Asker: 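Input: one structure, supplied below.
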Amino acid sequence: MPTIETVPSFSGGVWSSLDATAYEEVFNPSTGTVIARTPLASAGQTAEVVEAAARALPGWSATPVVERARVMFRFRALMEQHFDEIAALVTREHGKTLTEARAEVNRGVEMVEFSCGIPSLIIGDMLPNIAAGVDAQCVRHPVGVCVGITPYNFPNMVPLWMFPVAITCGNTFVLKPSEKVPLSAVRLGELLAEAGLPAGVFNIVHGGKECVDALLTHPKVSAVSFVGSTPIAEYIYKTGTAHGKRVQAAGGAKNHLIIMPDADLDRTVKQLAASAYGCAGQRCMAGSLAVAVGSAGDPMVEALVDLGAAMKVGPSDGDESVAMGPVIRAEHRTRVATALENAKKDGATLALDGRERGMTDDAFLIGPSVVDHVTPEMRIASDEVFGPVLSVARVKNLEEALALGDACDYGNGAVIFTRDGYAAREFTRHFNAGMIGVNVGVPAPMAWFPFTGWNRSFFGDLHVQGTEGIQFYTRQKVTLTRWPRTDESHLDPVWRDAPRQ
Ligand code: NAD
């Protein structure tokens with residue numbers, strides 16, 4: 001038996017294997033084999049990492065912002081240089097296809113590019129003579145030690161939503177990656193060190209609840225960014241804010257895709273499939289409930305079933321022809337299968353049953369599913385399945401489709417497929433979600449725009465990405481200055497006696 005590597009932690013610039021009392025296995029979902037083990041840090045071990053970040057804070061926050069940005073320029077170049085290797089690592093520990101992994105890494109690189117512009121973005125405001133002889137200025141200061149707690153479904157991109165902005169704003173950072181996919185985070189840490197980031201500015205601690213609780217309650221932690229499921233997001237928000245931290249916590253989703261009868265069927269069905277089955281449905285922006293308006297339903301379901309049945313499903317690691325890879329774990333596959341069984345019990349029709357493909361393989365595979373005739377009281381209408389399952393509800397008109405959105409607890413994304421500008425406008429203005437697509441299957445904002453989940457898809461005030469990220473990782477200081485006349489004997493009389501502001 002080969003020895004299984006223990007995933008190293010990174011604290012104060014030093015990599016080490018924690019001597020933990022508990023470990024979590026890391027799988028390659030394409031083979032079902034264990035490739036590493038994640039140590040679950042105790043509260044005490046977690047506190048040591050926070051202390052390392054706190055020690056690095058005074059030096060780093062005093063480093064000129066232009067120099068902080070230059071580290072990101074070098075980091076970006078290294079990401080480019082190692083792009084294929086980084087994407088392959090995402091596929092290896094997560095199971096998404098290499099094409100999907102490349103897209104993920106690209107989204108992450110864009111966050112680094114955004115952060116390279118921080119000197120222009122963080123610049124302050126100044127108003128001379130706001131009152132007689134008084135000048136006002138407002139500048140942004142770092143908040144302190146920031147923490148990132150991230151989910152399994154984007155091992156590379158989601159950490160990159162957070163630390164490039166936090167660090168270039170002058171903070172130090174502790175990343176607690178998902179214990180299921182810790183290897184991508186480790187690679188990012190290595191590249192940051194190679195880019196010349198000083199020791200202690202970026203740190204990694206691995207763990208579960210004990211580690212997270214230690215981070216949420218540590219007095220030297222100032223801000224917590226979280227991305228994950230809704231119950232944990234709510235817990236993080238409540239616990240973190242109760243301990244005086246600022247918190248941004250993005251949660252789960254149930255994204256509605258509205259299909260109007262006038263939509264281009266061929267294009268729409270391709271986008272529906274890409275949205276629902278991309279990354280095996282494990283995206284917070286994945287299309288989950290297709291809402292077919294009027295006559296759109298029957299032809300759409302027929303075409304979706306054909307497309308889903310023809311998709312090549314298989315182990316993604318090493319086979320670029322695979323269209324859909326495995327889900328993260330065998331238990332997760334069982335969870336998705338159970339959701340399908342419950343949908344059937346609740347009265348829905350399994351037009352395409354993904355359990356008929358892959359369930360017995362070593363890889364954690366399950367085929368794409370189409371669940372038709374879903375009604376609001378069924379569990380599958382409102383639960384986040386987080387697997388390759390597209391449910392279909394039928395409604396008479398756009399108003400009914402909007403009402404379904406109003407009844408939804410979540411509010412991440414929603415999309416309309418139509419050729420009618422009026423319907424698109426009504427939908428855009430009134431749908432109850434923060435990220436909207438018009439004929440765009442996955443309306444995920446890129447680095448320059450905020451990732452604006454609503455309702456129980458987000459807890460907090462300031463989202464990740466865009467200028468909201470900068471607001472989150474900085475606090476403003478307003479300074480009012482008056483310099484009254486003192487001894488003016490040395491001034492030229494012409495100047496001394498002139499009217500002044
Ligand atoms: P998760 O909530 O299980 O885990 C997320 C993080 O929280 C992990 O680091 C994990 O270690 C930690 N955690 C888990 N249980 C905890 C507990 N009891 N106490 C403290 N910490 C705990 O989420 P996941 O399964 O890794 O990721 C999938 C979820 O993330 C989905 O719900 C998906 O919609 C969501 N997600 C949301 C967004 C968004 O932007 N809204 C983006 C990506 C993923």
Side-chain angles (χ1 to χ4, degrees), residues 7 22-24 26 38-41 43 46 93-96 104 107-108 111 147-162 174-182 184-185 204-217 224-240 247-255 278-288 327-329 331-332 335-336 339 383-387 409-413 433-435 442-445 449-460 463-466 468-469:
V7 185
Y23 294 82
E24 172 92 15
V26 181
T38 310
L40 305 183
T46 305
E93 68 174 340
H94 176 278
K96 62 182 71 174
E104 165 173 354
R107 294 289 85 79
M111 282 305 299
V147 160
I149 301 162
T150 54
Y152 81 80
N153 66 323
F154 282 99
N156 184 282
M157 179 190 78
V158 171
L160 285 165
W161 277 357
M162 302 170 181
V174 178
L175 176 63
K176 205 299 288 172
S178 164
E179 60 278 28
K180 296 187 177 95
V181 292
S184 295
I204 302 174
V205 62
H206 302 285
K209 185 167 166 45
E210 182 177 346
C211 168
V212 169
D213 285 345
L215 292 168
L216 293 176
T217 54
V224 177
S225 301
F226 172 87
V227 176
S229 58
T230 286
I232 310 298
E234 187 170 23
Y235 170 76
I236 300 279
Y237 182 75
K238 286 184 173 162
T239 313
V247 179
Q248 51 179 192
K254 188 80 192 175
N255 304 311
C279 300
Q282 300 164 106
R283 286 188 291 188
C284 69
M285 289 296 282
S288 182
V327 294
I328 189 72
R329 289 275 187 281
E331 308 84 73
H332 191 61
R335 207 180 133 233
V336 176
D383 291 352
E384 182 182 42
V385 179
F386 222 56
D409 273 353
Y410 296 106
N412 237 24
M435 291 173 273
V442 183
F449 287 88
F451 207 90
T452 44
W454 282 11
N455 311 328
R456 291 179 63 75
S457 290
F458 184 76
F459 301 85
H463 300 84
V464 294
Q465 293 199 167
E468 280 199 35

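Since the structure is predicted, the reported quantities are computational estimates derived from the model, not experimental observations. Indexing begins at 1, ligand by ligand and atom by atom, following the structure's order.
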Asker: Going by the atom numbers of ligand 1, which of them fall below 4.0 Å from some non-hydrogen atom of N412?
Answerer: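 Those atoms are 41 (N).
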Asker: Is it true that S178 lies under 4.0 Å from ligand 1, counting heavy atoms only?
Answerer: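 Yes, S178 has a heavy atom closer than 4.0 Å to ligand 1.
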Asker: Return yes when F226 approaches ligand 1 closer than 4.0 angstrom through a heavy atom, no otherwise.
Answerer: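 Judged by the 4.0 Å heavy-atom criterion, F226 does count as contacting ligand 1.
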Asker: Ignoring hydrogens, what is the shortest heavy-atom contact between H332 and Y152? Give both atom names and the distance.
Answerer: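 Heavy atoms only, the tightest pair is NE2-OH, 3.6 Å.
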Asker: Would you check the N or O atoms of P151, main chain and side chain alike, for any that come under 3.5 Å of an N or O of ligand 1?
Answerer: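 N/O-N/O distance below 3.5 Å does not exist for this pair.
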Asker: Compare every heavy atom of L175 with every heavy atom of A185, then report the nearest pair and how far apart it is.
Answerer: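 Nearest heavy atoms, A185 then L175: CB-CD2, 3.7 Å.
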Asker: Determine, stepwise, if the pair W454 / N412 fulfils side chain to side chain contact (heavy atoms under 4.5 Å, CB included).
Answerer: CA-CA 6 Å; W454 282 11; N412 237 24; over 6 Å; no
Asker: Counting from 1, what ligand 1 atoms have a heavy atom of I149 closer than 4.0 Å?
Answerer: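 By the 4.0 Å cutoff, the relevant atoms are 6 (C), 7 (O), 9 (O).
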Asker: Is it possible for you to check whether K96 lies under 6.0 Å from the centre of the six-membered ring of F154, through NZ or CZ, and within 45° of that ring's axis?
Answerer: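 Yes, cation above the ring, under 6.0 Å and within 45°.
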Asker: Quick one: are V181 and V26 in side-chain contact, heavy atoms under 4.5 Å?
Answerer: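 No; the side chains remain at least 4.5 Å from each other.
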Asker: Within the 4.0 Å heavy-atom shell around N153, which atoms of ligand 1 are there?
Answerer: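 With N153 as reference, the close atoms of ligand 1 come out as 43 (C), 44 (C).
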Asker: Out of A233, A253, S229, who gets a non-hydrogen atom closest to atom 29 (C) of ligand 1?
Answerer: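 Looking at heavy atoms only, S229 sits closest to atom 29 (C) of ligand 1.
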Asker: Can you name the nearest heavy-atom pair linking V385 to K254, along with the distance?
Answerer: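 Taking every non-hydrogen atom into account, CG2-NZ, 4.2 Å.
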Asker: Among all protein heavy atoms, pick out the one at the shortest distance from atom 28 (C) of ligand 1; state its residue, atom name and that distance to 0.1 Å.
Answerer: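 Result: F386 CE2, 3.5 Å.
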Asker: Considering heavy atoms of the protein only, find what lies nearest to atom 21 (N) of ligand 1 and give residue, atom and distance to 0.1 Å.
Answerer: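 Heavy-atom neighbour on the protein nearest atom 21 (N) of ligand 1: V212 CG2, 3.5 Å.
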Asker: Output yes when the distance from some N or O of ligand 1 to some N or O of G251 is under 3.5 Å, and no in every other case.
Answerer: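 Looking only at distances, the answer is yes, because the N/O contact criterion of under 3.5 Å is met.
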Asker: Check this for me, if you would: do E331 and R335 make a salt bridge, where the nitrogen-to-carboxylate-oxygen distance has to be below 4.0 angstrom?
Answerer: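 Salt bridge flag = no for R335 with E331.
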Asker: Students should be able to answer this: which protein heavy-atom is nearest to atom 35 (C) of ligand 1, and at what distance?
Answerer: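 That would be G228 O, 3.1 Å.
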Asker: For a side chain to side chain contact (heavy atoms under 4.5 Å, CB included) check, start with the C-alpha distance between Q248 and F458, then their side-chain angles and the critical distance, and finish with the verdict.
Answerer: CA-CA 8 Å; Q248 51 179 192; F458 184 76; 3.9 Å; yes
Asker: Give me the residue, atom name and distance of the protein heavy atom closest to atom 39 (C) of ligand 1.
Answerer: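 Looking only at protein heavy atoms, the one closest to atom 39 (C) of ligand 1 is C284 SG, 3.3 Å.
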Asker: Between ligand 1 and W161, can you find any atom pair, the residue atom being a heavy atom, that is separated by under 4.0 Å?
Answerer: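 For ligand 1, residue contact (heavy atoms, under 4.0 Å) with W161 is present.
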Asker: For F226 and V247: C-alpha separation, side-chain torsions, deciding distance, then whether side chain to side chain contact (heavy atoms under 4.5 Å, CB included) applies.
Answerer: CA-CA 8 Å; F226 172 87; V247 179; 5.6 Å; no
Asker: Has Q282 got a side-chain atom pairing as donor or acceptor with N153's backbone, closer than 3.5 angstrom?
Answerer: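 No.
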Asker: For Y152, is at least one N or O under 3.5 Å away from an N or O on ligand 1?
Answerer: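 Yes; at least one N/O pair falls below 3.5 Å.
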Asker: Can you tell me the protein heavy atom closest to atom 16 (C) of ligand 1 and the distance?
Answerer: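 Protein heavy atom with the smallest distance to atom 16 (C) of ligand 1: I232 CD1, 3.6 Å.
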Asker: Just jot down the ligand 1 atoms closer than 4.0 angstrom to any heavy atom of F451, in number order.
Answerer: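 Going through ligand 1 atom by atom, the ones under 4.0 Å from F451 are 40 (O).
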Asker: Does atom 4 (O) of ligand 1 have a protein heavy-atom neighbour under 4.0 Å away?
Answerer: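 Given the 4.0 Å limit, the answer for atom 4 (O) of ligand 1 is no, no protein heavy atom qualifies.
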Asker: Of all the atoms in ligand 1, which lie at a distance below 4.0 Å from a heavy atom belonging to E179?
Answerer: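 Atoms satisfying the 4.0 Å criterion: 10 (C), 11 (O).
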Asker: So is K209 polar-close to ligand 1, meaning N/O to N/O under 3.5 Å?
Answerer: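 Looking only at distances, the answer is no, because the N/O contact criterion of under 3.5 Å is not met.
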Asker: Does an N or O anywhere in T150 fall below 3.5 Å from an N or O of ligand 1?
Answerer: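 The answer is yes, given that T150 and ligand 1 share an N or O pair closer than 3.5 Å.
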Asker: For residues Y23 and P39, report the shortest heavy-atom separation together with the two atoms involved.
Answerer: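 Residues Y23 and P39, closest heavy atoms: CD2-CA, 3.5 Å.
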Asker: Begin with the C-alpha distance, continue with both residues' side-chain angles, and end with the deciding distance and a verdict on side chain to side chain contact (heavy atoms under 4.5 Å, CB included) for T230 and Y410.
Answerer: CA-CA 9 Å; T230 286; Y410 296 106; 3.2 Å; yes
Asker: We want to know whether S184 and E93 form a side-chain donor-acceptor pair, criterion being a heavy-atom distance below 3.5 angstrom.
Answerer: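 The answer is yes; a qualifying pair exists.
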Asker: With heavy atoms of K176 as the reference, note each atom of ligand 1 found under 4.0 Å away.
Answerer: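 Those atoms are 8 (C), 9 (O), 10 (C), 11 (O).
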Asker: Measure across M162 and G148 and return the closest heavy-atom pair with its distance rounded to 0.1 Å.
Answerer: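 The answer is SD-CA, 3.7 Å.
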Asker: Can you figure out which of Q465, H206, E384, K254 has its heavy atom closest to atom 34 (O) of ligand 1?
Answerer: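 Minimum heavy-atom distance to atom 34 (O) of ligand 1 goes to E384.
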Asker: Heavy atoms only, cut-off 4.0 Å: how does F458 contact ligand 1, side chain, backbone, both, or neither?
Answerer: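 It is neither part, as no heavy atom is under 4.0 Å.
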